Amino acid sequence: MVKDLLKNSAVKKIIEKSQVKSPWLVHYDCGSCNGCDIETLACLTPLYDVERFGVINIGNPKHADVLIVTGSVNSRNKKVLKQIYDQMPAPKIVIAVGSCGLTGGIFRDAYNVVGGVDKIIPVDVYVPGCPARPEAIIDGVVEGLNKLKEIQQAAALAS
Amino acid sequence: MMTILYAILGVTLAPFAGILIAGTDRILTAKFQSRTGPPLLQPLYDIAKLWAKEPMVGHRFQPLCVYIYLAAAMVSVALFFAQSDLLLIFFVQAVGAVFLVMGAFLVPSPFSQAGANRELIQILTYEPLIIIVLAGIHLYTGSFKISAVYAMDKPLLMNLPLLFIVFGYALTIKLRKSPFDISASHHAHQELVRGVFTEYSGRMLALIEIAHLYETVLILGLCSLFWTTSIMGMVVLLALTYIAEIIVDNISARMSFRWMLKSVWASGLVLSAINLIWLYSGGRI
Ligand code: SF4
């Protein structure tokens, strides 16, 4: 009875709205030149102020909804990346940032580089650029939230 | 009968008041940093989102600890609105605070452990101060009952001004604001991941946030006891106190726990002693 009430009511609406209004992100830099890393942190400065959209850089995968990965994945840190991804509770989205995050970038031929982030974990949004501009990264997060909405709708259809 | 009604009203309304306070807090903080800041209802969005996350429990007793923490916070708010005994309220909320720490100790994560240790030290720092403040209130009004405070015809602040400052210290530690946000920072990437909260996730974290809303209301409620003669005075006092909290939060850096223990105890004890001696020597009690 209570469960039914929770399922099709205002409460559910509030929860669905909240899920897109409060993306907490964890940011992992796989390496490369660090350019994209710095641009990602620039989003959090007063100039861009992503807290307007409820975004918090939470730094803890167990609390996060969005994983932003910059830099090319290498054989050393691919396990770490996988672990961070696994520690995040669903629903979660992954955003790969920068040429390195997408394909390995200019480092793709290096002996230890595995390639893009999607070789290790599923990626939802790709943000190109070398380095990616903060505006593009914010756009990527917003795009990711649309994806989250799609996931919600799919779950609603399935149930 | 009336008291039970007040208690129920208090418990139902407190989280909403807490959400508005926390939302204003975040907007004001953003304004101080020349940002726009999140919407006013952001704390509600955060809690609702956390509620719907996939459950991940580090240890099977962790949920129990969270429930007790929340229950203690709710009971203490209910007791406050029922104008009950100050000491009772204090001990009930202390039990809750300890269970939060126990939950963090249950998991082997070093961040959680270090955060729990620091949280214990924070509790150790502010509890004696609150006890002294309550003792001061008792000396002045002759009772631990909240109704006795309301029976006074002059605001407590007139006679216990230094104790109010001491209470401000406790408030800052309890709200985990800089310079005392050493056990768990609001800005998690800066220190210890998220300290005591690191290993709580999803729904458990949502419950902890709700309990924190209750605690904020309780502490501000205790603050309001210092001006009970007029509603206007009470509101002004609370607003000024909270804005002072936010300003201190924004202008100070995080300090070490040793500094906290030394400075807060030293200044807190000296201020309380001066205030109590002044009360005695002036023949006010
Ligand atoms: S994409 Fe370019 S700026 Fe970004 S990490 Fe790679 S090399 Fe650096």
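A, B, ... follow the sequence lines: proteins, then strands. Residue 1 opens every chain. This is a predicted model, so every value here is computed, not measured.
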Partner chain B: residue of A:G54, A:P89, A:P91 with the largest heavy-atom pair count (under 4.5 Å):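 Ranked by heavy-atom pairs under 4.5 Å with chain B, first place is A:P89.
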Exercise: do A:S22 and B:D46 side chains pair donor with acceptor under 3.5 Å: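 Distance-only check passes for A:S22 and B:D46.
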Spatial distance of atom CD (B:E54) from atom CE (A:M88) [nearest 0.5 Å]: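 Between atom CD of B:E54 and atom CE of A:M88 there are 11.0 Å.
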Tell me whether [X] contacts the main-chain N or O of [Y] through its side chain, where contact means a donor paired with an acceptor under 3.5 Å.
X: B:K53; Y: A:A64; answer: yes
X: B:Q42; Y: A:K21; answer: yes
X: A:D49; Y: B:R35; answer: no
X: A:H63; Y: B:G202; answer: no
X: B:K49; Y: A:P23; answer: no
X: A:K62; Y: B:E199; answer: no

Contact class of B:F197 relative to chain A, heavy atoms under 4.5 angstrom: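 B:F197 touches chain A through backbone and side-chain heavy atoms alike.
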Contacting moiety of B:L41, where chain A heavy atoms sit under 4.5 Å: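 No part of it gets close to chain A.
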Is it true that, when you exclude [X] itself, more than 12 heavy atoms of the residues, nucleotides or ligands shown sit nearer than 6.0 Å to its [atom1]?
X: B:F32; atom1: CZ; answer: yes
X: B:Y6; atom1: OH; answer: no
X: B:E245; atom1: CD; answer: yes
X: A:Y28; atom1: OH; answer: yes
X: B:Y67; atom1: OH; answer: no

Which atom of A:N60 lies closest to which atom of B:T198, heavy atoms considered: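 For A:N60 versus B:T198, the nearest heavy atoms are ND2-O, 3.1 Å.
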Test log, rule side-chain contact (heavy atoms from CB on, under 4.5 Å), inputs B:L50 and A:W24: CA-CA 10 Å; B:L50 285 171; A:W24 289 2; 3.9 Å; yes
A:E51/B:R26 ion pair, N-O < 4.0 Å: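 Answer for the salt bridge query: yes.
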